[in-house]
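Here's the structure we're looking at; comments come further down.
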Amino acid sequence: MRVPGKFYLSETLSETLEEGAVRQLANVATMPGIVRYSLAMPDVHWGYGFPIGGVAAFNMEEGVISPGGVGFDINCGVRLLALPITKDDFSGIKGIINQLFDTVPTGVGNKSALRLSEKELEDVMTEGAGWAVNNGYGTKDDIIRCEDGGCIDGADTEHVSRKARQRGMPQCGTLGSGNHFLEIQSVDEIFDDGAAEKFGLVRDQICIMIHCGSRGLGHQVCTDHLKDLEAASKKYNIKLPDNQLACAPLKSPEGKAYLSAMAASANYAWANRQIITHLVREVICKKPGIEYDDIKLIYDVTHNVAKFEEHIVDGKKQTLCVHRKGATRAFGPGSPGLPPELDSTGQPVLIPGSMGTPSYVLKGTEKAMECTFGSTCHGSGRIMSRSQAKKSSDGSDIKEELAGKGIYVRATSNKVIAEESPQAYKSSSEVVRTVHNAGLSLKVAKLTPMGVIKG
DNA sequence: ATGTAC
């Protein structure tokens, strides 16, 4: 190991820590150019090469880029919309969830009503959420409330294969499957009145959370470039304890090729969440008294990406390539790139719960800038494999149990409900409590689910 | 996560 590994855990969460995830954190610490430490957030679990819930930063001189440090779902992320109504003025949750389910394409391999041409896909990959807004799928304000303005620099579509494009063309504006969801929630508790007001949240407000990523396109980009970077690791004589850590120097053509395709995929994911937002607005503004523009984007975060950022290392400002895989940026007050109105508050951090459990809004901190390259957790973290979860339930029992709590679940199959059982995940509240107590991000509001759409 | 397999 070139640097130490560091875990942020509570006593309860340390009991769920997998040996495989510890091993992976140690493996990452052996990689060239890694700076300070290999980090694990409290929702850490075993993943492909790097652990999910891991953060690793690499210097520009010897550092590397690794697809395993980003994940297969490039720019998997979360966005939160706020409606201009509270729980008291809101009824018919079942009907609205059903309408949303019929409007937002959901599930593995499902296709969008919007068919992008090859040229449009190029523009989506270059312009991100901005493409969607400029083509009528949103408002100018939406862009300001996206991390990086919903577009990462450096996208080069030359490095996105034909196969990846073909998978991506019919899928822009679709939700996907697995842990991805669309949820109607209410603001149940406010912990920080000042920050909540700045973000645009009030108690009992109705919100909609969207959790999804780059679908088949990002997955294909990851698959394609992993193969190239496995060869590059050998070419550049990088000794790795695990082939899944395939990487290339940041300065190498192979490394740059992946970075440019990763940026293109990230931009596609931002356009995807933006188009879904448009579909949601169209359904919701059928309700009397709600206009399209009244549905505000609170924020949009990515939790699977590598980015060039400036951080202080040994008292000096340095550009680093920060890999966040299942980890959320949590920039503190005064950090670059925040919307002007949130400069004094810090970045909104969105932490989705597992199905039927609360989600949280937090704010980024100075402590995160000092300790974790401005990063925090991303969610609940799986503790039971999909096959284990399917053995313990057929899904219908979970659906009923949640209905008993007043949560209406609509899914493409009972199988996905079984796989996504709350029991298969760590507690989002415990994960959030841990990052809050560590000061990596501070609680602003708690969101309780009312209706859930699952792919 | 994923045209759940190449």
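In what follows, every chain begins at residue 1, and chains take the letters A, B, ... in the order their sequences are listed. Keep in mind it's a predicted model, so treat the numbers as computed, not measured.
For the pair A/Q166 CD and B/dT2 P, the interatomic distance rounds to 19 Å; values are reported in whole Å. Atom CG of A/D73 is separated from atom C1' of B/dT4 by 15 Å (rounded to the nearest Å). Per the geometry, CZ belonging to A/F72 stands 14 Å off P belonging to B/dA5, to the nearest Å. In this structure, the CD1 atom of A/I52 is 13 Å from the P atom of B/dT2, given to the nearest Å. Rounded to a whole Å, the CD atom of A/Q220 is 15 Å from the P atom of B/dA5. Here the C1' atom of nucleotide B/dT2 and the NZ atom of A/K111 are 14 Å apart, to the nearest Å. Between the NE2 atom of A/H180 and the C1' atom of B/dT4 there is a distance of 15 Å, given to the nearest Å. Between the NE2 atom of A/H225 and the C1' atom of B/dT2 there is a distance of 17 Å, rounded to whole Å.
Relative to the ring axis of A/F50, A/K325 does not place its NZ or CZ within 45° and under 6.0 Å from the centre.
Within the 4.0 angstrom heavy-atom criterion, no nucleotide atom of any strand lies near A/T223. In this structure, A/E419 reaches neither bases nor backbone, as no heavy-atom distance under 4.0 Å exists between it and the strands shown. Note on A/K163: a base of the nucleic acid sits closer than 4.0 angstrom, heavy atoms only.
Side-chain contact check for A/Q274 and A/R79: at least one donor-acceptor pair (N or O, by modelled atom type) lies under 3.5 Å.
Evaluation of the side chain to side chain contact (heavy atoms under 4.5 Å, CB included) rule for A/L442 yields A/K363, A/T365, A/H436 as partners, not counting sequence neighbours.
Listed pair A/R386 / B/dT4 fails the phosphate criterion, with no side-chain N or O lying under 4.0 Å from OP1 or OP2.
Ring orientation note: the planes of A/W131 and A/Y137 are close to parallel, at an angle under 30° on the 30°/60° scale.
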